[in-house]
Amino acid sequence: DYFVASENPAVATCGISERLRILSYFEDPPVPTSSQTTPEFCASWEPTLEELIAEVPSGFEVEWYDSASGGNILSLDTPLVDGESYFAAGATANQCYNSTRLEFVPTIHEVEDVSLQGTTLNLCTIDEPTVESLMDLEMEGSASILWYEVPEGGTPLSSDHPLEEKTYYAESYDTQTDCANVLRVPVIVRLGNCPPEQYDFFIPNAFTPNGDGRNDEFYVPNIEYIFPDFTLEILNRYGNTLFKGNRSNPRWDGSNNGNGIAPNGVYFFILDYHNNQHEPVQGTIYLNR
């Protein structure tokens, strides 16, 4: 305790008998401790100062600085920079700071951008392509790449996952640091690249639309992929059209143009490829229920 009183310096005996009590005490904030002064983070996490772990006893606080002495106080939302030093000092609620500071040096792992040979992949659905075909786009020597069906989140696709005609997304991944570059690159997959000279097909000459689940429709396998603009017309022996088909409706179920069921017998088809290099073909089909 200390006490203070006022007096008149001109008169030595003239003073105030009442004294003001002043209680003084010293605060000694501790130096922070940590078991992780060189932590590692993925850049995609966008780590901030709040991610650094500095410990002080209960009742004390941690204040962050940009230098070992003096310098500026940093807020907890300060982004961490790879290899840069940050300093933690023990503090009290009364803004009393320990002059000794604990240094932190984080490592921020950057993952290179996705490197691909192209962002459009033209395949043929007849080949039953999988994600392995997407992997063929990956540049040699680049980071590992994970493939997704969504631009964010989701689960990586296995190499044998069947492809559909849609957009897939490539993400760079570092197997050593377990970090990823979350900026994904979209790749458009098209499955109609089936040149006629490379893919064979056959035209059935009979079918049995009896509802047994086998050979119930007249259908030229894969015609919609090999000749996507094709048209198919089915006629009876009188030349009446019973069915008109195209890519969106390639199968005849044996009905009479929606007016009942066609009877057993021989029918005629005209298959027009709508391709300059292939003339339309005509033939017969035997319908047997």
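Taking the ring centre of Tyr219 as origin, the terminal cationic atom of Arg251 falls inside the region bounded by 6.0 Å and 45° from the ring axis.
The environment of Arg19 atom CZ is sparse: at most 12 non-hydrogen atoms of other residues, nucleotides or ligands sit within 6.0 angstrom. Other residues, nucleotides and ligands contribute at most 12 non-hydrogen atoms within 6.0 Å of the OH atom of Tyr225. Counted within 6.0 Å of CD on Gln198, heavy atoms from surrounding residues, nucleotides or ligands total more than 12; the atom is thus considered enclosed. The number of heavy-atom neighbours closer than 6.0 Å to CG of Asp1, taken from other residues, nucleotides and ligands shown, is above 12. Atom CD of Glu128 sits in a sparse spot, with 12 or fewer heavy atoms from other residues, nucleotides or ligands closer than 6.0 Å. Crowding of Lys244 atom NZ: a count of heavy atoms from other residues, nucleotides or ligands under 6.0 Å not exceeding 12. Counting heavy atoms of neighbouring residues, nucleotides and ligands inside a 6.0 Å radius, atom CD of Glu61 exceeds 12 of them. By the neighbour-count criterion of 12 heavy atoms within 6.0 Å, atom CD of Gln117 is densely surrounded, having more than that number from other residues, nucleotides or ligands.
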Mind running side-chain hydrogen bond (donor to acceptor under 3.5 Å, both in side chains) on Ser85 and Glu103 for me, showing each step along the way?
CA-CA 6 Å; Ser85 293; Glu103 182 179 13; 2.5 Å; yes
Given salt bridge (Lys or Arg N to Asp or Glu O under 4.0 Å), test Glu165 with Arg190 step by step and report yes or no.
CA-CA 5 Å; Glu165 191 164 272; Arg190 299 190 178 97; over 6 Å; no
Given Trp64 and Phe104, is the ring pair (Phe, Tyr, Trp, His ring centres under 6.0 Å) satisfied, shown in steps?
CA-CA 10 Å; Trp64 291 94; Phe104 288 74; 5.1 Å; yes
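In the model, Tyr286 has no side-chain atom that pairs as donor or acceptor with a side-chain atom of Asn264 under 3.5 Å. There is no side-chain donor-acceptor pair under 3.5 Å between Glu40 and Thr107. No side-chain donor-acceptor contact under 3.5 Å links Glu112 and Ser172. For Asn94 and Thr92, the side-chain atoms include no donor-acceptor pair closer than 3.5 Å. Of the N and O atoms on the side chains of Asp229 and Asn275, not one donor lies less than 3.5 Å from an acceptor on the other residue.
In terms of modelled atom types and a separation under 3.5 Å, the side chain of Thr208 and the main chain of Asn210 share no donor-acceptor contact. Side-chain atoms of Arg21 do not come within 3.5 Å of backbone N or O of Val4 as any donor-acceptor pair. Judged by distance alone, the side chain of Asp66 and the main-chain N or O of Asn72 form a donor-acceptor pair under 3.5 Å. Between the Tyr86 side chain and the Val81 main chain, a donor and an acceptor come within less than 3.5 Å of each other. Distance alone, capped at 3.5 Å, is enough to place a donor-acceptor pair between the Asp216 side chain and the Gly213 backbone. Using a distance-only test at 3.5 Å, with no hydrogens or angles considered, a donor-acceptor pair links the side chain of Ser44 to the main chain of Ala180. A donor-acceptor pair under 3.5 Å links the side-chain atoms of Arg184 to the main chain of Val150, judged by distance alone. Looking at Asn98, its side chain does come within 3.5 Å of a backbone N or O of Pro29 through a donor-acceptor pair.
Within the 4.5 Å cutoff, the side chain of Ser133 has heavy atoms near those of the Leu163 side chain. Proximity of Asp160 to Val131: side-chain heavy atoms (C-beta onward) are nowhere separated by under 4.5 Å. Between Glu149 and Tyr168 the shortest side-chain heavy-atom distance falls below 4.5 Å. Side-chain contact between Tyr173 and Asp178: present, with at least one pair of heavy atoms (C-beta onward) separated by less than 4.5 Å. With contacts defined as side-chain heavy-atom distances shorter than 4.5 Å, the pair Val187/Thr120 does not qualify. Put simply, the side chain of Pro209 does not reach to within 4.5 Å of the side chain of Glu217, judged on heavy atoms. Ile126 is listed as a side-chain neighbour of Ile226, based on a closest heavy-atom distance under 4.5 Å. In this structure, Leu52 and Phe41 have side chains that are in contact, with non-hydrogen atoms separated by less than 4.5 Å.
To the nearest 0.5 Å, atoms OG (Ser115) and CD (Glu140) are separated by 11.0 Å. Between atom CG of residue Asp127 and atom OG1 of residue Thr130 there is a gap of 10.5 Å, rounded to the nearest 0.5 Å. Between the CG atom of Asn246 and the NE2 atom of His274 there is a distance of 9.0 Å, given to the nearest 0.5 Å. From Glu171, atom CD reaches atom CG of Asn181 across 7.5 Å, with rounding to the nearest 0.5 Å. Rounding to the nearest 0.5 angstrom, the gap separating the CD1 atom in Ile261 from the CG atom in Leu242 is 12.0 Å. In this structure, the separation between NE2 on His161 and OG1 on Thr155 is 11.0 Å, given to the nearest 0.5 Å.
When each of Tyr238, Phe243, Phe207, Trp252 is paired with Tyr267, the ring pair (Phe, Tyr, Trp, His ring centres under 6.0 Å) condition holds for Trp252 and for no other.
Aromatic ring centres of Phe87 and Tyr65 lie farther apart than the 6.0 Å criterion allows.
Follow the hydrophobic side-chain contacts under 4.5 Å out from Val185 and you never reach Ile188; the two are in separate clusters. Each of Ile223 and Leu123 belongs to its own hydrophobic cluster when Ile, Leu, Val, Met, Phe, Trp and Tyr are linked at side-chain heavy-atom distances under 4.5 angstrom.
Taking the six-membered ring for Trp and thresholds of 30 and 60 degrees, Tyr273 and Phe201 have ring planes more than 60 degrees apart, a perpendicular arrangement.
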